[in-house]
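Keep in mind it's a predicted model, so treat the numbers as computed, not measured.
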Amino acid sequence: GLIKDGVESQLQQLLAEQIELIGIGSKLIRREYPTAIGPVDILAKDAAGHTVAIEIKRRGEIDGVEQLTRYLELLNRDPAIAPVRGIFAAQEIKPQARTLATDRGIDCLILDYERMQGESEQDEGLFW
């Protein structure tokens with residue numbers, strides 16, 4: 001599989017810790033959810049109880065949308081978790097990737113790494 005660089009791995013960890021960024025009431029199922037074609041970065045449930053697959057990139061390009069599309073096709077065959085909707089999350093999403101994602105019914109989420117990092121540090125500070 002693909003090895004994530006430090007920032008992408010950190011974005012995944014931060015989003016897992018702050019899963020409500022995808023919507024209030026959302027709950028993390030797990031990071032690196034295994035599939036036959038590779039792990040989905042994050043699998044979650046939204047407030048309505050629907051499954052959400054999230055693909056995280058530093059820079060969101062068409063290949064990332066294609067990757068998430070393959071995961072969604074596979075995950076939606078599993079009656080235990082279907083229907084599964086997708087969120088393509090990145091620090092920056094190229095216009096072509098956003099257009100393709102929208103066309104495929106995939107939501108886009110811009111991740112503010114510095115803000116998320118600050119939120120994580122504030123959360124840790126509450127317990128000291």
Side-chain angles (χ1 to χ4, degrees):
L2 298 173
I3 298 188
K4 297 184 184 322
D5 67 24
V7 173
E8 197 171 304
S9 176
Q10 185 70 12
L11 283 169
Q12 184 190 106
Q13 178 182 340
L14 290 169
L15 185 55
E17 292 169 358
Q18 300 169 40
I19 198 65
E20 288 202 347
L21 288 173
I22 71 166
I24 293 176
S26 298
K27 303 289 182 203
L28 176 69
I29 294 174
R30 92 173 264 180
R31 291 175 55 191
E32 298 292 326
Y33 183 84
T35 75
I37 58 173
V40 175
D41 289 338
I42 292 178
L43 201 68
K45 290 272 186 188
D46 64 18
H50 299 119
T51 309
V52 182
I54 306 168
E55 182 60 30
I56 300 169
K57 300 290 184 195
R58 268 185 320 141
R59 288 184 1 172
E61 298 182 3
I62 286 178
D63 60 336
V65 176
E66 293 288 359
Q67 181 180 2
L68 180 54
T69 299
R70 290 189 298 272
Y71 290 143
L72 290 170
E73 287 174 0
L74 186 65
L75 293 169
N76 274 304
R77 293 182 201 158
D78 182 349
I81 61 171
V84 182
R85 71 180 177 92
I87 295 178
F88 187 55
Q91 288 179 283
E92 165 194 3
I93 299 176
K94 299 289 185 182
Q96 300 90 339
R98 184 178 294 279
T99 298
L100 182 60
T102 300
D103 186 61
R104 293 186 177 174
I106 295 170
D107 294 326
C108 292
L109 175 64
I110 299 294
L111 301 175
D112 184 337
Y113 180 69
E114 289 77 22
R115 183 170 180 213
M116 291 171 74
Q117 208 169 26
E119 290 291 323
S120 183
E121 289 168 4
Q122 280 183 346
D123 290 347
E124 289 172 12
L126 293 173
F127 302 104
W128 291 102

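- Summarising the geometry, atom CD1 belonging to I22 is positioned 8.5 Å from atom CG belonging to L109; distances are rounded to the nearest 0.5 Å.
- The closest side-chain donor-acceptor pair between K45 and T51 falls under 3.5 angstrom.
- Put simply, the side chain of I42 reaches to within 4.5 Å of the side chain of I19, judged on heavy atoms.
- Linking Ile, Leu, Val, Met, Phe, Trp and Tyr residues whenever their side-chain heavy atoms come within less than 4.5 Å leaves L74 and I87 in two separate clusters.
- Side-chain contact between F88 and L100 is absent, with no heavy-atom pair separated by less than 4.5 Å.
- In this structure, the side-chain hydrogen bond (donor to acceptor under 3.5 Å, both in side chains) partners of Q13, at least two apart in sequence or on a different chain, are E17.
- Considering every non-hydrogen atom in both C108 and A101, the closest pair reads SG-CB, 3.7 Å.
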**Q.** side chain to side chain contact (heavy atoms under 4.5 Å, CB included) between I54 and D41, intermediate numbers included
**A.** CA-CA 6 Å; I54 306 168; D41 289 338; 5.6 Å; no
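- One hydrophobic cluster, built from ILVMFWY side chains closer than 4.5 Å, holds both I29 and V40.
- The two residues A53 and L68 have their closest heavy-atom pair at O-CD1, 3.9 Å.
- Atom CZ of R59 is separated from atom CD of E8 by 12.0 Å, given to the nearest 0.5 angstrom.
- To the nearest 0.5 Å, atom CD of residue Q91 and atom CG of residue D112 are 8.0 Å apart.
- Partners of E20 by side-chain contact (heavy atoms from CB on, under 4.5 Å), not counting sequence neighbours, listed by chain and number: I24.
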Q. Going through the checks in order, is the side chain to side chain contact (heavy atoms under 4.5 Å, CB included) test met by E55 and I106?
A. CA-CA 10 Å; E55 182 60 30; I106 295 170; over 6 Å; no
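- The shortest side-chain heavy-atom distance between E92 and I110 does not fall under the 4.5 Å cut-off.
- With rounding to the nearest 0.5 Å, the separation of CD in Q96 from CD1 in I62 is 5.5 Å.
- Under the 4.5 Å side-chain contact rule for hydrophobic residues, V52 and Y33 do not share a cluster.
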Q: Please test L15 against M116 for side chain to side chain contact (heavy atoms under 4.5 Å, CB included), starting from the C-alpha separation and ending with a verdict.
A: CA-CA 8 Å; L15 185 55; M116 291 171 74; 4.0 Å; yes
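- Applying the side chain to side chain donor-acceptor pair (under 3.5 Å) test to pairs two or more places apart or on separate chains, those with a residue in residues 99-110 are E66-R104, T69-R104, R85-D107.
- Residue K57 comes nearest to G64 through the heavy atom pair CE-CA, 4.0 Å, listed as atom of the first residue, atom of the second, then distance.
- Across every non-hydrogen atom of A97 and V65, the tightest pair is O-CG2, 3.5 Å.
- We find the CG-NZ distance between L43 and K27 to be 15.5 Å, quoted to the nearest 0.5 Å.
- Using modelled atom types and a 3.5 Å distance limit, the side chains of Q12 and E32 yield a donor-acceptor pair.
- I37 and I56 fall into different hydrophobic clusters, where Ile, Leu, Val, Met, Phe, Trp and Tyr residues are linked whenever their side-chain heavy atoms come under 4.5 Å apart, directly or through other members.
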Q | Intermediate values then yes/no, side chain to side chain contact (heavy atoms under 4.5 Å, CB included), V84 and Y71 | A | CA-CA 10 Å; V84 182; Y71 290 143; over 6 Å; no
